[in-house]
Amino acid sequence: MNDHAHPKTEPFSNAEKDPADWTTGDQPMTGAQASYLQTLSEEAGEEFDPDLTKAEASLRIDALQEKTGRGVKR
């Protein structure tokens with residue numbers, strides 16, 4: 001196996017990378033994250049925080065998906 005594989009050929013997507021390791025994780029969450037997070041927050045009966053970073057939003061989405069059952073793969 002090549003230790004210096006090209007990033008595009010790696011089997012892992014950026015979506016699988018730990019949000020703490022994201023180089024843009026401290027930027028404001030994206031519009032898509034905000035929209036989905038607001039929906040999940042409403043379904044879970046939890047407060048939506050519009051000031052989360054990309055990384056924080058990703059972690060919050062994961063937690064709320066687990067709580068609402070939306071993240072369950074069948």
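- For the side chain to side chain contact (heavy atoms under 4.5 Å, CB included) with Arg60, the lone residue among Met29, Glu46, Gln33 that qualifies is Glu46.
- Looking only at side-chain heavy atoms (C-beta outward), Gln65 and Tyr36 come within less than 4.5 Å of each other.
- For Ser41, there are no side-chain hydrogen bond (donor to acceptor under 3.5 Å, both in side chains) partners, not counting sequence neighbours.
- A pairwise comparison of heavy atoms in Asp51 and Asp49 identifies N-OD1, 2.9 Å as the closest pair.
- Under the side chain to side chain contact (heavy atoms under 4.5 Å, CB included) criterion, Thr39 pairs with Glu43, Arg70, sequence neighbours left out.
- In this view, Glu42 satisfies the side-chain hydrogen bond (donor to acceptor under 3.5 Å, both in side chains) rule with no residue, not counting sequence neighbours.
- Among all heavy-atom pairs drawn from Asp26 and Thr53, the shortest one is O-CG2, 3.6 Å.
- When all heavy atoms of Ala44 and Thr68 are compared, the pair lying nearest together is CB-CG2, 3.8 Å.
- Clustering ILVMFWY residues whenever any of their side-chain heavy atoms sit less than 4.5 angstrom apart, transitively, puts Leu40 in a cluster other than the one holding Leu59.
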